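What you see below is based on every heavy atom in this structure, not just the backbone, and it leaves out hydrogens, waters and symmetry mates. These figures come from a predicted structure and were not determined experimentally.
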Amino acid sequence: MTDDPRWADVFGHEEPYPEQADGIDAAIDAAEDGGFLALEGACGTGKTMLALTAGIDRVRDPNSEFERVFVLTSVKQQLRQFETDLETINANLPDGYDSVSGLTLVGKADVCPYARENRGGIDRENVYERCEGLRERTRNLVGEGGETTAGALASEARSQQVGLLDSRNGSGAAGGGSTDGPAADYLTVDGEPTPYPPDTETFGETEFCPFYAGFLDDVPDDGGDPAEAVPFDATELGHVDAEELVRLSAGHGSCPHSVMGALVPEVEVVIGNYYHAFDPTTAATFTGALMDDETFLVCDEAHMLEPRVRDLVSDAVADASLRDAVSEITRIVQPLSFEREGAESEDADLVRGELEESDVTIEELEAVREFYGDLREELDRRVTAHLDRERPDWRASMRDLEDDEIPLRDPEEPAEDEITTWAEEAGYRDRVWSRAPAVGATVKRVLDTLEDEDKRRAAPGVGRTLNAWYREGHTDFFRAIDLERTRDETEPPDSWRRAYNASLALYNCLPSGPIGERLGEFGGGVVMSATLEPMDVFREVTGLDHLAERGRPVVERTYGLSFPPENRASFAVDAPKFTHANRGAPGERTETRLAHLDAVETVASREGNVLVGAPNYAEAAWFADELDVRLEKSVLLDESSGDRETESLKHAFFEGEGKVLVTSLRGTLTEGVDYRGDRLAAAVVCGVPIINTARPRTRAVIAAYDRRFESGFETALTVPAVRKARQAVGRVVRGSDERGLRVLLDARYARESWNGVRKYLPDHEREEFQPVSTDMLSLAIDRFETGR
C-alpha cells in the first residue's frame, strides 16, 4: 500500500514538484465541480505535465464524466512540448495500463498527400480550394443518384497501378517477357508508398480524389460511425502526430485529413491551437464534437487568449472580395438576362432550377449585386478622399505609403458607423443586409455546378461578414477601413489600389463574451501561462468571472520559481522611462536612448547567450546596429519573418560561442521558445512594450474597456505589455541546475509612479526584481557572478 494519489499512475515522472502536486489536485477538484483552475506557473515548473496528468486522470476515472482532454496552445514550441510529455506519460505507465491515445490537429496542407508532394496540381497554396472541389465531385459521383460507388472509384485507382505494373514488367515469366522492368509509378509520401498513381484520377470526365474515395468506402454503408473508417487502431499507438497520421492513412489509401476528423471524438487527448476552439468556422465544421461537458480543456499560453480570440472573432471584407462577389453574382444573373433578350442558354435552365430549389429570387441577386457595386464605389471614394486629405502628393509617392486605418466613427464614442449611415441614405436597408448570406450560399452552389473549377468563392464570406456588420452593436464593435500596403502593377497608375489592399474591418473590442461562452461549453479544465497576473484582470477579460457568477468555480494558483534563488539575479533598473516621447526616433542620440544602450551593453557583454527585447522591430534594429559596434560578440537581429527564417535564426543563436540576439518583445522569440541548459545566460527587456495608441482601433479598445472595467488603458494595454516583458525574462532559468541574469530596464519597473508597472508584477517577482540604479548595474552583476 502507498499514499500516492490516484493520478500518480499517469504522472510521467518519478516525483512531481510540490507545486505540480498541488496544481494537479486543484485542477481535478475544480473540474469535478465544472470549474477551471487559473494557473500561473514560472517557466520550468512543469505546467504541461501538470495539466495533462489532471486531465487524463479525469478521463481514466470510471466515476468521472470526462471522456477526453482538449489541449489548446498558440505557440508551436508548446504544442511539441505537449506531444513530448504525452509520450513520456505513455512510456512510464504501470504494467497493465493501456497507452493514452492522442492526436495532433494540423491543417490540410500538412496532411494532404498531394500537397506534401506537390502533385496532382495541388500545393500548399491551393490545397483548400482544390480539396473542397475534389471532395464535392467525389461525393457527387458516389452519393444518392451518383454514377458509381466509392469502392469502385478506389478500386479503379488501385487497378491503374496493377495495369501499369504489368505493362512495365512485361507479361511475366510464363509469357516469356522480362520481369526486370521499372516498378509501378506509385505516389509516395515522405518515402511511404501509397496504392494510387501520383496524380488525381478521373471517372469519365470528372476528376476525383482516390484517397477521399478510399475513406468514403470504409465508412459503414448505413451511415454509421465514421471512426470505423480509420484504418488503424489509435488506442494501441499512443500519440499520433501528423507524420504518423499521413503514413498510416495514405499508405492504406485513405484521406489523412478525413481520418483525422473521424479520430477527433475517439482519442483521449487532442492537441490543437486556438483556431480549433475559437474560430467559428473551424469549430462548426471540424471540432464541434469536442465542445461539450465531457471535454477537459487545457488552454495553454492563456495570457494570449484575449488578443488571439479578439482577432478570431473580428472580421473584414476586402475590396477585392467585393469585386469578385459582384462578378460571381453577374455570372449567375447573365444567363437569365440573355434569355429574357431572346437568346437560348443551357446555363439559364440550370440557374433557374437552382433558384427554384432555394429561397433566393433573381430580384434579390440583382439587389445584392447592386449593393456590393455601390459599396465598392463608396469605399473607393472614402479612401481617395482620405489620402487627398492626409497625403496630397500620394499619387506621386505611392512607394512611401504605409499601412493606414480610416475610422468610420469616433473611436472614443459609440455611434453608428458611416458606412451603415451611407447605406441607409442610399436606400440599402435591412432586407439587403439580411439576405446577403443566403445570396452568397446560393451563388456558391450554382457556380460550383456551372464551372468545373476548384475555386474558393467570395460571395459566401462577403455575405456573412456584411450581415454581421449590420447586426452587431456599435459599443463593443468598431468599424474602420484598413489599408494594407501592397504593390499591384495591374491597377491604373493613379489608383490607390496600386498601393493598397483595402478592407471594411469589423473589429471586436471586447472578446470576453465569446471567450467566456466558449469556455463554458467545456466541462472544466485548466487555463494556464507563465504570466497571468494580475489574476483579477485576467479573469475579467477572459469571461472567467462570468462563469464563476453562474456557479462554476474558478480556482487560482500562482507558483514562482522553486529553483535555487542563488542561481539567478533579477534587477529592475531605474533607467529613464523608455517611452517614445523620452527616447525619440531611432537614431536620435537622446539621454534616454543612450542610458538604455549603455545598460544593455553591460548585460550583453557578459559570457554566454544574451536575449535583448525591444518594444518593437524598429527599436530592435537600432539596438542591434549599436551593439554590433560596441561588442566583440556576434549580434543577431530578429526581424518580422516566417517560421523558416525564425528557426534558422534560433539555430544560429544556439550554435557555437555566446552571442546576442535582439528581437521585438511582440515577436515570437520571447514566448514559448525553450532556452534550456546553456542556451540563454541572460535576458534584458528595454521599456514597457505598450502598442501604438495612435491607431483608431486601439483607441476604440481602450474606450470599450473604460466602459466595462475600471481603467481601459491599463487593462487593455499596460497589463498585456507587462506580461510580454515577463515572458521574455522568464526564458532564462528553467531548471534547478541553470544559472542566469534577468533584467527589466525602465524606471517604471523599478519605482512606483503615476505610470509605473511594478504593481503588475506578482508578489514573488516584486520581491526578486530589486531596484538598482544604472551606475550600479555592473557592480550588481559582478557580485552575482562572483557569488558575493
One should read off an interatomic distance between I329 CD1 and D324 CG, to the nearest 0.5 angstrom, of 11.0 Å
To the nearest 0.5 Å, atom CD of E67 lies from atom CG of D293 at 10.0 Å
Give a yes or no on whether the backbone of V100 and the side-chain of N90 come within a donor-acceptor separation of less than 3.5 Å.
yes
Which residues pass the salt bridge (Lys or Arg N to Asp or Glu O under 4.0 Å) test with E370, sequence neighbours left out?
none
Any side-chain to backbone donor/acceptor pair from E117 onto D190? Under 3.5 Å, distance only.
yes
Closer than 3.5 angstrom, by distance alone: can the side chain of Y196 be matched with the main-chain N or O of R158 as a donor-acceptor pair?
no
Tell me, which pairs form a salt bridge (Lys or Arg N to Asp or Glu O under 4.0 Å) where one or both residues lie in residues 260-276, sequence neighbours left out?
R60-E268
pair T330-R369: side-chain heavy atoms closer than 4.5 Å:
yes
Does one side chain, of D292 or T295, offer a donor that lies under 3.5 Å from an acceptor on the other?
yes
Exam field: side chain Q334 to backbone R331, donor-acceptor pair closer than 3.5 Å:
no
Kindly indicate, with the supporting measurements, whether the criterion side-chain contact (heavy atoms from CB on, under 4.5 Å) is fulfilled by D448 and V446.
CA-CA 5 Å; D448 287 349; V446 174; over 6 Å; no
Can you see which heavy atom on P511 is nearest to which on V313, and at what distance?
CB-CG2, 4.3 Å
Heavy-atom closest pair (G251 atom, P195 atom, distance to 0.1 Å) is O-CD, 3.7 Å
Hey, is D319 close enough to R323 for a salt bridge, meaning N to O under 4.0 Å?
no
Any side-chain heavy atom of L153 sitting closer than 4.5 Å to one from T149?
no
Do the side chains of Y212 and C131 get nearer than 4.5 Å, heavy atoms only?
no
4.5 Å side-chain heavy-atom contact, V317 and L322
yes
Strictly distance-based, threshold 3.5 Å: is any side-chain N or O of S358 a donor or acceptor partner for the main-chain N or O of V360?
yes
Atom OG of S254 and atom CG of D218: how far apart are they, to the nearest 0.5 Å?
5.5 Å
Evaluate the criterion salt bridge (Lys or Arg N to Asp or Glu O under 4.0 Å) for residue pair E357 and R352; output intermediate values, then yes/no.
CA-CA 9 Å; E357 293 183 7; R352 191 184 306 103; over 6 Å; no
Out of curiosity, L105 CG to D241 CG, how far, rounded to the nearest 0.5 Å?
12.0 Å
For residues T486 and D488, is any side-chain donor paired with an opposing acceptor at under 3.5 Å?
no
Nearest heavy-atom pair of F371 and A423: which atoms, and what distance?
CE1-CB, 4.3 Å
If you count the non-hydrogen atoms of other residues, nucleotides and ligands that lie under 6.0 Å from CD in E65, is the total more than 12?
no
Applying side-chain contact (heavy atoms from CB on, under 4.5 Å), run through E484 and Y500 and close with a yes or a no.
CA-CA 5 Å; E484 181 184 8; Y500 278 127; 5.7 Å; no
Take E207 and R130 through the salt bridge (Lys or Arg N to Asp or Glu O under 4.0 Å) test and state the conclusion after the steps.
CA-CA 11 Å; E207 184 186 21; R130 288 281 283 140; 3.0 Å; yes
Passing candidate, salt bridge (charged side-chain N to carboxylate O under 4.0 Å, His left out) with R445, options E354, E136, E328
E354
In Å and rounded to the nearest 0.5 Å, what is the CG to CZ distance from L506 to R471?
9.0 Å
Cationic N near anionic O, under 4.0 Å, E132 to K108
yes
Find out whether P256 and P113 are in side-chain contact, i.e. whether some heavy atom of one side chain is under 4.5 Å from a heavy atom of the other.
yes
Can you tell me if R479 uses its side chain to pair, donor with acceptor, with the backbone of W469 under 3.5 Å?
yes
Which residue pairs satisfy the ring pair (Phe, Tyr, Trp, His ring centres under 6.0 Å) criterion with at least one member in residues 237-280, sequence neighbours excluded?
H257-F286
Salt bridge between R116 and D110, side-chain N to carboxylate O under 4.0 Å?
no
Determine yes or no for a side-chain-to-main-chain donor-acceptor pair under 3.5 angstrom, with S495 supplying the side chain and E491 the backbone.
no
Looking only at heavy atoms, the pair that brings A150 and D217 closest together is CB-N, 3.6 Å
Does the side chain of N508 pick up a donor-acceptor pair with the side chain of S314 at under 3.5 Å?
no
Taking it one step at a time, do D315 and R464 satisfy salt bridge (Lys or Arg N to Asp or Glu O under 4.0 Å)?
CA-CA 10 Å; D315 213 337; R464 288 191 299 269; over 6 Å; no
Are V59 and V69 side-chain neighbours, meaning at least one heavy-atom pair lies under 4.5 Å?
yes
Test side-chain contact (heavy atoms from CB on, under 4.5 Å) on D98 and T235 and set out the steps.
CA-CA 8 Å; D98 293 333; T235 61; over 6 Å; no
Non-hydrogen atoms of C112 and I122 that approach each other most closely
SG-CG2, 4.3 Å
Any pair counted as ring pair (Phe, Tyr, Trp, His ring centres under 6.0 Å), so long as it reaches residues 99-148, sequence neighbours left out
Y114-F211
Hey, is the main chain of L187 close enough, under 3.5 Å, to the side chain of T194 for a donor-acceptor pair?
yes
Can a donor-acceptor pair be found between the side chains of E83 and T104 at a distance below 3.5 Å?
yes
How close do M291 and A283 get, counting heavy atoms only, and between which atoms?
CE-CB, 4.0 Å
Report yes if the side chains of Q78 and S74 come closer than 4.5 Å at any heavy-atom pair, otherwise no.
no
Validation row: E228, V219 side chains within 4.5 angstrom (heavy atoms)
no
Sorted by chain and residue number, the side chain to side chain donor-acceptor pair (under 3.5 Å) partners of E489 (sequence neighbours excluded) come out as R487, R498
Compute whether any side-chain donor of one residue and acceptor of the other, for T206 and R137, lie under 3.5 angstrom apart.
no
Run F522 and F296 through side-chain contact (heavy atoms from CB on, under 4.5 Å) and show every step you take.
CA-CA 7 Å; F522 298 100; F296 183 102; over 6 Å; no
Starting at CZ of R429, measure out to OG of S434 and round the result to the nearest 0.5 Å.
13.5 Å
Show me the donor-acceptor pairs within less than 3.5 Å that the side chains of residues 258-265 make with the rest of the protein, sequence neighbours left out.
from	atom 1	to	atom 2	distance (Å)
S258	OG	R135	NH2	3.0

So, does T138 use its side chain to make a donor-acceptor pair with the main chain of C209 at under 3.5 Å?
yes
Quick one, R435 with D359, criterion salt bridge (Lys or Arg N to Asp or Glu O under 4.0 Å). Give me CA distance, side-chain angles, the key distance, then yes/no.
CA-CA 10 Å; R435 294 300 290 164; D359 63 346; 3.5 Å; yes
